[in-house]
Amino acid sequence: MAPDRGPPSSAATSFPPQSSSSPLSQNADDDDNDNRLLRHAISRSTAFEPISQEPDAAFLRARSEQPQFTLRALLTGLLIGVLIAFSNTYFGLQTGWISGMAMPSALIGFTYFKALRAITGRLAEGGGGGLGRWMGGWGEGFSEVENVLVQTVAGSVGTMPLGCGFVGVVPALEFLLKPEETPESASTDPGIVQALAVAHETGGLRLPLSKLILWALGLCFFGVVFAVPLRKEVIVREKLKFPSGTATALMIGVLHGGEKTGTEGEMEEHVKRDGTRRRRGDGGDEESEALMADASPPAAQESSEHDDSEQREEAIGIKEDWRKQIRLLTNSFAISGTYTLVSYFIPQLHSIPIFGPHLATTWLWSLNPSPAYVGQGIIMGPATTIHMLLGAVLGWVVLSPIAKYKGWASGEVGDWNTGSKGWIVWVSLAIMLADAIVSLGWLILKPTIWYGKVYGPPFVHGVREKGLRRHLGELVRDPKMRGYSPVDLNDEPTTAVNGQLSKSTSNLLDEDEKEYDAPPDHLIGWKTTLFGLIASLAFCIFAVQYSFRGMISISLTAIALLLALLLSVMGVRALGETDLNPVSGISKLTQLIFALVTPANSPNAVVINLLAGGISEAGALQAGDLLQDLKTGHLLGASPKAQFYGQLIGSAVGAVVSACVYKLYTHVYTIPSGLFQVPTAYVWIFTARLVTGQGLPPHVPVFAAGAAGIWACLTALRIYGNLIIRQPSGAKGASWVPYVPGGIAVAVGMYNTPSFTLARTAGGLLAWWWTRWKGREETPMIVLASGLILGEGLCSIVNLGLASGGVPHL
């Protein structure tokens, strides 16, 4: 379970703010920043179409002529994605949090090809011969659309540990099922028979690797295919913001600034010349512009020479800047990797008693100074990490001592079953459910209200004039609303005059405004989409039935898939509007619904509940992940078809890699343990037990209900605040919204031990200090966070080898 791609600092603008402000208000001015972001993009001349603006036909046509699906971009994306998958499995088993790493993936891909080109340049100068020419061909001409493919493929591979359930559902099945919760099955498959026999004796349903790979492959495709028909609606027509996707597009554009060649460079120069003419001709006619141009050729020549000089200086500055960024990435990777290797031999580094030995050993208040968790905090941003810290204080300072001293959780604090650690997780679960229900409920209610205001008055008017039966008959025979374009639900609805809809320029597209999309040969056809959706759904049913034969029926699997598709639509809309894909809430909502369709006395009830939630989470995650990437590609003119096939390949590779990496970790390490606490797995199993009729610990219902009520109100308040239009800027979202604690962040802070939360909070505050207080660009922070996360994630593979070899700790 991740903090669902909440609004991290990485989704903000990548240039320095003008003044310092509270760390909680880091993202409060996102809409205000859009104009500055656009000016920044134009000033750097990163594209002939301003980044974060909707592309026009000429832009998309020019970009479509570039190579879209290249072997080098695919392989680079796969390699980066595999490294991220290793990291995400490691961190996911520790805290349940994973990162899609979209911006770091794009950054690493760009850095790789830029470094490769620099190396080949030196080889060529030093007489490198054929090797230099071959490597030069591999590194030359790396474009924005290839960079988009790299980050698309890398993200699809890297998110599979969460998408296939290897940090939540699968550990819950393998390690947390009680013997009495072991499902019944009439299967004669040797692997299943053996797994059930062990489960009846010791608990836990541990399936062989082949079954887990098939399960993962079954989950990884249908969400990707289902996202394709949603693209036209949410990206091209409604133009939802998808803040992280837009920010990634901006960063890729800025990275490639000053390196335009060929058609793109020519078109940029054309736009520059056209823009100069427009600026020079303000307030005059074409004749006066011509006279002014003829009268001053020397000045124009001097200006051209001055521009060339400025461009040369800017190119030198960019080159030097990226040398610094590469050094920062390398150094941060080395520091984090060194810490990871040292911490293997000195495991006490994972828990430093900064508040004293008593609080550390009794109440678990210690610090894990992991550079990777600091990096995660940088990416999450200050608002999210401070809300997590609030959750840690509420859970581990207030509720945990109460439950302990009142005797409601009499065991050791760190015990999931008898201690206050397991007691407070129920409260965090209630907060998550409340947040999910209110948020998803608003996504349903919002269009209902909008369309009610738009079409309600005309319908009432028609019924009054013609009668209900006649009016309904006319609507059935001729349901089309001619002359109306797609609408934006964020705008005020149209008005009705005498029962007739009237156009409003604030919410309907002008007749001359068109929806520009990629050329037809770069779009995914409806036949491919339909066949792919049917095939992926059928394959998912087969994979689930074969992997868990006799434990869940085909009909229940089909219901889980239907729920996954429906809830994915709401998840995608939430991601597009708020940058938050509530996959954890969607999965819990599915578990809640499945409690109603599964007999409570079924011996397979808990397993069915877990599997259904896992299917739903996979669909929502995959659909949201692809659409976020498609938004990036749309703004930069990348081929949706190339991204689609890249996502499919990446998902398949990620499914296999994630299953293998998961098995490696669970074979070498004890799960659960102090290092790998699998908190998300406990949340999954506790939810399944709750909704299937098992009781709650003492006094949990009162506290859980109170917390759910409070956070339902706070979530509603955040929704209301995001609807407010600030004056006079016209920016959307009240400035106080970041100060209202988000339910998911607070819940994550509660069910994770404070050691991880403290490190993340330090990272969030570091990001705030750098970008808001110091007023610096955010790019170095992204580079620093990428190096810190990947350094520990990858060097943990070395630790894995040391542990499997029995190398002792000091």
Side-chain angles (χ1 to χ4, degrees), residues 1-2 4 88-89 92-93 96 98 159-177 181 183 204-207 211-224 226 432 436 536-537 539-549 551-553 556-568 571 581-595 597-598 604-625 651 654-655 658-659 662 678-689 691-692:
M1 184 183 310
D4 302 321
N88 279 337
T89 303
L93 291 174
I98 73 156
T159 55
M160 281 297 101
L162 175 64
C164 298
F166 292 118
V167 300
V169 174
V170 176
L173 286 169
E174 289 204 331
F175 301 105
L176 304 183
L177 275 183
E181 294 169 339
L205 183 64
R206 304 189 184 184
L207 296 176
K211 302 289 185 186
L212 291 182
I213 290 177
L214 183 60
W215 152 264
L217 289 171
L219 295 188
C220 73
F221 296 123
F222 72 91
V224 176
F226 184 65
M432 270 193 291
S536 61
L537 292 173
F539 180 64
C540 180
I541 293 175
F542 164 76
V544 173
Q545 290 300 307
Y546 188 81
S547 300
F548 298 92
R549 186 176 300 174
M551 303 180 206
I552 180 172
S553 66
L556 288 177
T557 307
I559 292 173
L561 283 169
L562 178 61
L563 278 175
L565 297 181
L566 294 176
L567 294 175
S568 293
N581 190 354
V583 293
S584 56
I586 285 173
S587 61
K588 299 300 167 284
L589 193 57
T590 301
Q591 287 185 273
L592 190 61
I593 294 172
F594 251 72
V597 299
T598 307
N604 296 9
V606 172
V607 171
I608 290 173
N609 197 271
L610 291 172
L611 296 178
I615 292 171
S616 183
E617 182 178 63
L621 179 71
Q622 286 293 298
D625 187 54
S651 296
S658 297
Y662 168 78
V678 289
T680 307
Y682 279 99
V683 173
W684 275 96
I685 196 71
F686 283 178
T687 306
R689 289 169 181 165
V691 299
T692 52

Check: [Y] and [X] side chains under 4.5 Å, non-hydrogen atoms:
X	Y	answer
Leu162	Asn88	no
Thr687	Val683	yes
Val167	Pro171	no
Asn609	Thr598	no
Ile685	Leu610	yes
Cys540	Leu219	yes
Leu611	Leu173	yes
Met160	Gln622	yes

Tell me whether [X] contacts the main-chain N or O of [Y] through its side chain, where contact means a donor paired with an acceptor under 3.5 Å.
X	Y	result
Ser616	Ser587	no
Glu617	Gly163	no
Glu174	Val169	no
Ser658	Ala655	no

Between [atom1] of [X] and [atom2] of [Y], what distance do you get to the nearest 0.5 Å?
X	Y	atom1	atom2	value
Leu537	Leu562	CG	CG	9.5 Å
Glu181	Leu176	CD	CG	9.5 Å
Met551	Thr557	CE	OG1	12.0 Å
Thr590	Leu566	OG1	CG	10.0 Å
Thr159	Asp625	OG1	CG	4.5 Å
Cys220	Leu621	SG	CG	11.5 Å

Under the ring pair (Phe, Tyr, Trp, His ring centres under 6.0 Å) rule, collect the residues that match up with [X], sequence neighbours excluded.
X	answer
Phe226	none
Tyr662	Phe166
Phe548	Trp215

Looking only at heavy atoms, which two atoms of [X] and [Y] are closest? And how far apart?
X	Y	result
Ile586	Gly571	CD1-CA, 3.9 Å
Gly92	Ile98	CA-CG2, 4.3 Å
Val224	Ser651	CG2-OG, 4.0 Å
Phe222	Ala564	CE1-CB, 4.0 Å
Ala543	Gly218	CB-CA, 3.7 Å
Phe221	Ser536	CB-CB, 4.0 Å

(request) Could you give me the CA-CA distance, side-chain angles and deciding distance for Leu214 and Phe542, then say whether side chain to side chain contact (heavy atoms under 4.5 Å, CB included) is met? (result) CA-CA 9 Å; Leu214 183 60; Phe542 164 76; 4.3 Å; yes

(message) Between Leu561 and Leu565, does the side chain to side chain contact (heavy atoms under 4.5 Å, CB included) criterion hold? Intermediate values first, please.
(response) CA-CA 6 Å; Leu561 283 169; Leu565 297 181; 5.6 Å; no

